[in-house]
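Note that this is a predicted model, so its numbers are computed, not measured. Here is how names work: the chains are called A, B, and so on, in the same order as the sequence lines, proteins then strands, and each is numbered from 1.
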2 protein chains.
Amino acid sequence: MSIRVTVDIIIFTIRQQELCVLLVKRGIPPFKGRWSIPGGFVLERESLEDAARRELREETGVDEVYLEQLYSFGKPKRDPRGRVITIAYFALVKAAGIHPEAGSDAAQAQWFPMSGLPSLAFDHQEILDYALLRLRNKLEYTTVGFELLPDKFTLTELQRVYEAILDRKLDKRNFRRKMELLGILRPTQEFRKEGSHRPARLHRFAARQFETLKDKGILFPF
Amino acid sequence: MSIRVTVDIIIFTIRQQELCVLLVKRGIPPFKGRWSIPGGFVLERESLEDAARRELREETGVDEVYLEQLYSFGKPKRDPRGRVITIAYFALVKAAGIHPEAGSDAAQAQWFPMSGLPSLAFDHQEILDYALLRLRNKLEYTTVGFELLPDKFTLTELQRVYEAILDRKLDKRNFRRKMELLGILRPTQEFRKEGSHRPARLHRFAARQFETLKDKGILFPF
DNA sequence: CCAAAAGTGTTAGGAGTACACCCATGG
DNA sequence: CCATGGGTGTACTCCTAACACTTTTGG
């Protein structure tokens with residue numbers, strides 16, 4: 001019993017303080033002209049994760065990003081062409097100017113804010129919903145949030161990332177205290193001047209040693 | 001690009017206050033004679049979950065159990081026969097006398113305590129490790145623990161389930177207070193008499209309404 | 001001096017942890 | 001009356017949440 005196997009990758013980033021996802025416009029049927037999550041077939045000799053990284057590179061030109069397997073979707077009729085199951089991954093890329101078109105087989109790729117998504121092909125809306133859920137959950141007990149920021153960032157920028165993903169406002173003082181308690185930030189001597197107000201100190205993420213925060217008994221509220 | 005796709009199911013239960021997993025002895029090469037996680041090929045017209053439920057039924061004769069997709073494993077060489085990826089599921093079955101042999105294609109099936117596992121075929125040890133990790137995590141913030149108990153149970157039995165999975169002792173009073181706070185137990189008027197000591201009150205699980213406890217802000221310690 | 005974002009501290013409520021004794025029963 | 005597991009309460013710590021003003025800068 002052989003089945004065609006694809007990987008689909010939900011690529012998230014933050015743009016203009018909004019959570020965005022990379023979608024590609026389908027050039028061929030089915031769903032021609034509809035937007036979809038980028039993906040492709042798994043090759044004979046590559047692992048699932050390798051396939052996901054390859055697709056990611058083809059679409060965004062970037063490598064070395066956060067990538068995690070999400071879930072496998074395999075309803076018999078999810079693809080009208082026949083039996084195709086997909087292993088979905090999700091990736092987090094740093095905002096720093098990634099041009100979707102940098103890839104090779106980019107029919108047409110574009111960032112969409114989660115608040116304004118087009119109608120998606122296949123069961124891709126379901127996959128995307130699940131990815132957002134996972135991302136929100138992981139934000140609580142891991143440091144994935146930092147994967148969406150450049151090397152140096154302000155505390156407000158960090159807070160905006162959390163707010164964008166959780167889709168609600170957080171208290172500035174409580175947010176900062178929590179980060180302080182976690183001890184995963186290293187302040188630098190640099191400041192970001194921007195507009196006519198007090199400059200913000202830049203910080204670095206300094207905690208490769210643990211991705212899980214559970215140990216510290218500190219979580220983010222939902 | 002077609003690939004053979006299997007589902008493998010890690011079936012957990014509690015026996016004699018120990019966490020156990022169902023394994024089957026392979027009757028054919030490769031790994032003939034080695035123990036492995038039960039599984040089989042996904043059929044053309046069934047969903048992944050349907051395939052998992054079918055396998056589960058064939059192995060244990062039970063249906064209506066907790067079943068959850070775990071992870072997909074797809075390294076090119078994980079099966080010496082060629083390219084096979086597997087979608088792993090994990091199931092929790094109630095202790096109440098399930099005879100592994102009840103199934104159809106049961107070559108030879110047997111419960112093994114997690115503390116005394118044999119050497120496993122393929123990458124099944126890796127899959128099992130991951131399943132245990134997931135189970136432990138879910139125990140903290142969901143009510144999956146109840147899936148391993150019969151309809152009515154004593155508080156001590158419940159605590160033993162948590163202890164078996166987490167592999168450490170818990171404080172009786174704190175454990176009970178937490179359950180009390182969660183409000184997910186309904187005491188019955190029945191008692192279990194067993195040996196020469198005070199009988200234990202039987203309780204029911206009474207919270208189908210939510211599987212996630214996060215909302216309540218109460219978690220189990222790790 | 002005005003506008004705008006950066007930065008900072010206190011209090012009250014509640015869950016987590018550690019810990020020791022009496023209760024009910026059968027033999 | 002004794003052995004066995006069932007059942008209960010308190011004190012302390014620490015995280016969480018709510019909440020408002022001062023600081024620094026550019027214009």
Enquirer: According to the interplanar angle, ranging from 0 to 90°, do the rings of B/Phe146 and B/Phe153 count as parallel (below 30°), tilted (30 to 60°) or perpendicular (above 60°)?
Expert: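 Answer is tilted, since the angle falls between 30° and 60°.
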Enquirer: How far apart are the closest heavy atoms of B/Tyr162 and B/Thr142, and which atoms are they?
Expert: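 It is OH-O, 4.4 Å.
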Enquirer: Donor-acceptor pair, A/Thr13 side chain versus A/Cys20 backbone, under 3.5 Å?
Expert: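 Looks like no, no N/O pair under 3.5 Å.
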Enquirer: Atom CD of B/Glu190 to atom P of D/dG6: distance rounded to whole Å?
Expert: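 It works out to 17 Å between those atoms.
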Enquirer: Do A/Arg204 and A/Thr188 have side-chain N/O donor and acceptor atoms under 3.5 Å apart?
Expert: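 There is no such pair (donor and acceptor under 3.5 Å, judged by atom type) between the side chains of A/Arg204 and A/Thr188.
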Enquirer: Separation of A/Arg168 atom CZ from D/dA17 atom P, in whole Å?
Expert: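 Atom-to-atom, A/Arg168 to D/dA17, this comes out as 8 Å.
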Enquirer: Whole angstroms only, please: what is the CZ-C1' distance between B/Arg192 and D/dG5?
Expert: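 Computing the B/Arg192:CZ to D/dG5:C1' distance gives 14 Å.
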Enquirer: Just the rounded figure in Å: distance from P of D/dG6 to CZ of B/Phe175.
Expert: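 Computing the B/Phe175:CZ to D/dG6:P distance gives 13 Å.
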Enquirer: Quick one: B/Glu180 CD to D/dG6 C1', roughly how many Å, whole number?
Expert: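 The answer, rounded to whole Å, is 16 Å.
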Enquirer: Does a nitrogen or oxygen in the side chain of B/Lys193 sit under 4.0 Å from OP1 or OP2 of D/dG5?
Expert: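 The answer is no; no side-chain N or O of B/Lys193 sits under 4.0 Å from OP1 or OP2.
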Enquirer: If the sugar-phosphate is the primed atoms plus P, OP1 and OP2 and the base is the rest, what is the B/S/- string for nucleotides 4-11 of chain C, using protein heavy atoms under 4.0 Å?
Expert: BSBBBBB-
Enquirer: Under 3.5 Å, which donor-acceptor pairs do the side chains of residues 127-134 of chain B form with other protein atoms, sequence neighbours left out?
Expert:
{"from": "B/Asp129", "atom 1": "OD1", "to": "B/Gln125", "atom 2": "NE2", "distance (Å)": "3.0"}
{"from": "B/Arg134", "atom 1": "NH1", "to": "B/Glu68", "atom 2": "OE2", "distance (Å)": "2.7"}
{"from": "B/Arg134", "atom 1": "NH1", "to": "B/Gln69", "atom 2": "O", "distance (Å)": "3.2"}
{"from": "B/Arg134", "atom 1": "NH2", "to": "B/Leu70", "atom 2": "O", "distance (Å)": "2.5"}

Enquirer: Can you tell me the distance, in whole Å, between the CG atom of A/Leu170 and the P atom of D/dA18?
Expert: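 Distance check: A/Leu170 CG to D/dA18 P gives 11 Å.
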Enquirer: Under 3.5 Å, is there a donor on one side chain and an acceptor on the other for B/Arg176 and B/Thr156?
Expert: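 Side-chain D/A pair, B/Arg176 to B/Thr156: present.
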